[in-house]
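Atoms considered below: every heavy atom in the structure, side chains included; atoms not considered: hydrogens, waters and symmetry mates. Quick caveat, the model's predicted, so the values are computed rather than measured.
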Amino acid sequence: MFHIQEKQIQAAFRDLVRIRYGVEAEIAIEQPKQSSFGELALPVAFQLAKELKQPPRKIAAELVEAAGDIPGVAAMEVAGNGYINVRFDRGAYGAALLAGEGDHAAPGSGKTIVEHTNINPNKAAHIGHLRNAVLGDTFVRMLRALGHTVEVQNYIDNTGVQVADVVVGFHFLEKKTPAKVALLISSPEQPFDYLCWDLYARTSQYYKDNPEALAWRAETLHSIEAGEGALAEMAHLVADAIVNAHLATMLRLNIQYDVLPRESEILHLQFWASAFELLKERKAIYFEQEGKNKGCWVMPSSAFRGEGDANEDSKVIVRSNGTVTYVGKDIAYQLWKFGLLGKDFHYKPLTRYTDGHEVWVSTSVAQPRPAPAFGQARKVFNVIDTRQSYLQDVVVAGLRALGFEEQARQSIHFSYEMVALSPRCCADLGIALSEEDARRPYVEVSGRKGLGVKADDLMNKLIESALSEVASRHPEDNQAAQLAVAVEIAMGALRYFLLKFTRNTVIAFDFQEALSFEGETGPYVQYAAVRAGRILNKLEDRGENLPDFAAELTREAMARQLENEDCWQVLLAASKAGAALERAVAAGEPAHMARYAFQLAQEFSNFYQRFKVLDEPVPERKVFLLWMTEFFRLQLRRTLAILGIAVPAYM
RNA sequence: GGGCGCGUAGCUCAGCUGGAUAGAGCAUUAGCCUUCUAAGCUAAGGGUCGCAGGUUCGAGUCCUGCCGCGCCUACCA
């Protein structure tokens, strides 16, 4: 609601400035530092002062004089040395909120693809992967809340080095057959992704000690690429099993996907061959005749770096042995996302979530059941950590070099910084640090070294901690219900923790911070929502009914109640969800949405403390406070839903 | 060497296109539970916004230089 009012005022002033001064100006709008200054502040007079060579205060006065009546605005005044402060018509604003105005999403144009998670299917997910998935999933929810059509893709590199290394571990180090690995997958003794976590670290260490063993990796990769033999069979077993594990892990956090495009199909359906032809035909890459990259197909550095860059290294796309690099495959995949490749995957359903939604996975042969139309996006967000910026630049440069300028501009690297381990966290995990590492502010997670916090371990730890809180507060409830609530609190805490940092901040992971349920945390916001609901439930317990707000709260009554400054400020804050969402999407920053959720919860906590809703003796006021409570409950619920956080039944 | 990012309270972090007195959480200290459950609320202390210049009515925010830290700069992904 707030942002609609904001836009109206902006438009009114834009017209005013154009008519009066003949100037086209973007009208900046700010939140006044103090609430006593009103709801909006316009520094437009400062902008105009230089151009018009007049003092800002004078211009501001003229504008206020000339503005006349703007719908929804009660008063405007000149303040400071030229600010225009705007005060809303409180009664009208409240009535509009009551009527439910301003909360319908406008339909977007074209499909947006968000690719996230993308974990190598060779070991358990860790906290770094969680950051990726939670950021991606939340951004998807934000886009959908604005009315965009979004397709969620999770790319599976099931034929890469990382999968190969685990296969090497099983086959060469542990001498296991595919049948034996299949048994391990179904064994309840140890989760298969955990087992692979250790095995992957062990294999990496083995390479270090025995570099000649790298020949095993090469052999395995060849077998996988050819799609034949025990090694290839095992690779499929491992990758499929780990993908299932990852889907299960992410589902705990309420993260779902639409389609899983796999590298094996990019290979077998010759996606690369098509892209390769295109790249050669349009001279985006060339065959290097000399130097260190002799015999490779390379993209010139001028394509993806600025002109005159001192570093003239070009990027190898096809190796001298004829195999394609990851970037090459990624270019093909990116082309497919926009429908530019002239090819499509075949698809089969992989699983169905309990809510009925299906996840599809790519496959190389035609299927009887028709799949939804995947790909064909207008805009693509790739949620990938910032360390891969260079490669993402190459992919985009590939599109550009092929002449797909528009698609290149619509390819967004949704980058974020890594999750590292704080020194204290390493101590908690019993990890010994080198003297050098101990002095650093944080230590990088490493799958190869097996150094990291597993996602499921962290979630289990959070649940355990939340459960003991729940049990101590609600000993009367049965254990299953306690657990259900604890899970929701734990997942809320985790999602919020990963979202509260802006994308380019390195998270130095710390158990103490992540396990906190107080202060700026998910549970704090959940608690506010639960409390709001409880007031309304309590009302019914007392034998009263929820009033018919539309009938009982006339505009006049609304205006009377909102004369109370505290009530007005609280309602104003609660009505800014739409504005917060728009800004967060524009900035591409889920953290802004999380922050708003916290502020909203803070406002409600203040409201809760200050107004005893159920004991309010004045009837009109009680109706009004109940409506505020209902409004808060709705806004909190919606905001939490965008963050992918549930509202527990009780806390 | 080059590219990208970061440096704000004791700690962890916000700070939207430059705007009014730089914010939040944690931690510390002092208060508030027979009340719609305190996972909450109130209050206090705590700042050379890395350093130095510049741009202008105005700079934590923009520009330049320096200092420190991190990541990237593979025929790995």
Side-chain angles (χ1 to χ4, degrees), chain A residues 26 28-34 37 41 43 46 49-50 55-56 79-83 85 118 120 157 160-162 288 292-298 305-306 309-313 315-321 323-327 329-330 385-391 393 415 417-418 420 422 440-442 444 466 469-470 473-474 489 493 500-502 504-508 510 512-513 516-521 523-524 526-528 530-532 534-539 541-542 580 583-584 586-587 589 591-592 595 598-599 601-602 605-606 608-615 629 650-651:
Chain A
E26 258 314 299
I29 292 199
E30 295 167 16
Q31 309 288 312
K33 276 283 176 216
Q34 292 176 33
F37 291 164
F46 297 114
K50 201 191 295 177
N81 33 355
Y83 273 99
N85 290 338
N118 300 5
N120 270 300
D157 182 3
V161 171
Q162 295 213 18
E288 185 62 79
K292 62 172 187 172
N293 292 334
K294 185 177 176 185
C296 299
W297 285 89
V298 301
R305 295 186 196 266
D309 197 309
N311 191 330
E312 286 299 316
D313 273 3
K315 177 68 196 169
V316 171
I317 305 296
V318 180
R319 305 182 185 100
S320 54
N321 67 4
T323 57
V324 58
T325 60
Y326 174 79
V327 189
K329 284 179 262 191
D330 219 12
D385 81 79
T386 185
R387 288 170 292 190
Q388 299 195 43
S389 297
Y390 165 69
L391 299 178
D393 288 348
S415 70
E417 267 290 355
M418 62 182 166
S422 69
R440 293 169 186 266
Y442 47 79
E444 209 170 329
E469 292 287 331
V470 173
R473 283 158 215 255
H474 301 275
I489 291 169
K500 70 195 271 193
F501 300 92
T502 50
N504 56 8
T505 297
V506 176
I507 299 180
D510 186 286
Q512 196 171 313
E513 282 177 42
S516 169
F517 298 148
E518 289 167 16
E520 195 190 345
T521 65
Y524 176 92
Q526 290 174 312
Y527 189 54
V530 166
R531 281 173 138 187
R534 198 166 48 210
I535 292 175
L536 300 169
N537 291 340
K538 209 83 177 182
L539 184 77
D541 291 350
R542 293 186 184 184
R583 276 173 199 170
E589 196 57 270
H592 291 170
R595 184 156 288 270
F598 175 63
Q599 285 166 351
Q602 267 186 323
S605 295
N606 283 318
Y608 183 92
Q609 186 76 18
R610 169 140 196 150
F611 301 101
K612 299 299 167 197
V613 178
L614 296 182
D615 299 332
T629 306
Y650 59 80
M651 279 182 80

Quick check on B/rC33: syn or anti? Syn means the glycosidic torsion is within 90 degrees of zero.
syn
Look at A/Arg542 and B/rC36 and indicate whether a side-chain polar atom (N or O) is within less than 4.0 Å of OP1 or OP2.
yes
Nearest-neighbour nucleotide for the A/Glu513 side chain, B/rU12, B/rA24, B/rC36 considered
B/rU12
Does B/rU37 have its OP1 or OP2 closer than 4.0 Å to a side-chain nitrogen or oxygen of A/Arg534?
yes
Please indicate yes or no: is the ring centre of A/Tyr390 less than 5.5 Å from the centre of the six-membered base ring of B/rC72, with the two planes inclined by under 30 degrees?
no
I want to verify a distance call: between B/rG40, B/rA24, B/rA14, whose nearest atom is closest to the A/Tyr524 side chain?
B/rG40
Distance, C1' atom - from B/rC63 to B/rU29, rounded to whole angstrom:
44 Å
Quick one: side-chain contact (heavy atoms from CB on, under 4.5 Å) partners of A/Ser389, sequence neighbours excluded?
A/Thr386, A/His413
Looking at A/Glu589 and A/Arg583, is any side-chain nitrogen of the basic one under 4.0 Å from a carboxylate oxygen of the acidic one?
no
When you compare B/rG40 with B/rG3, how far apart are their P atoms, in angstrom units rounded to a whole number?
47 Å
What's the closest nucleotide to the side chain of A/Asn504 if the choices are B/rA39, B/rC6, B/rC36?
B/rC6
Nearest-nucleotide wise, let me know which of A/Phe598 and A/Arg583 is further upstream toward the 5' end of RNA chain B.
A/Arg583
Which listed nucleotide (B/rG25, B/rC72, B/rC36) is nearest to the side chain of A/Glu444?
B/rC72
If you measure from the C1' atom in B/rG50 to the same atom in B/rA43, how many Å do you get, rounded?
33 Å
So, do A/Tyr608 and B/rG40 meet the stacking rule of ring centres under 5.5 Å and planes under 30°?
no
Return a single string for nucleotides 27-33 of chain B, one symbol per nucleotide in 5' to 3' order, where B is base contact, S is sugar-phosphate-only contact and - is none, cutoff 4.0 angstrom on heavy atoms.
-------
Once hydrogens and angles are ignored, does a donor-acceptor distance under 3.5 Å link the base of B/rA74 to the side chain of A/Asn293?
no
Assess whether one donor atom and one acceptor atom, taken from the side chain of A/Ser320 and the base of B/rC75, lie less than 3.5 Å apart.
yes
Involving RNA chain B, stems made of at least three consecutive Watson-Crick or G-U pairs, both distances under 3.5 Å
B:1-7 with B:67-73, B:10-13 with B:23-26, B:28-32 with B:40-44, B:50-54 with B:62-66
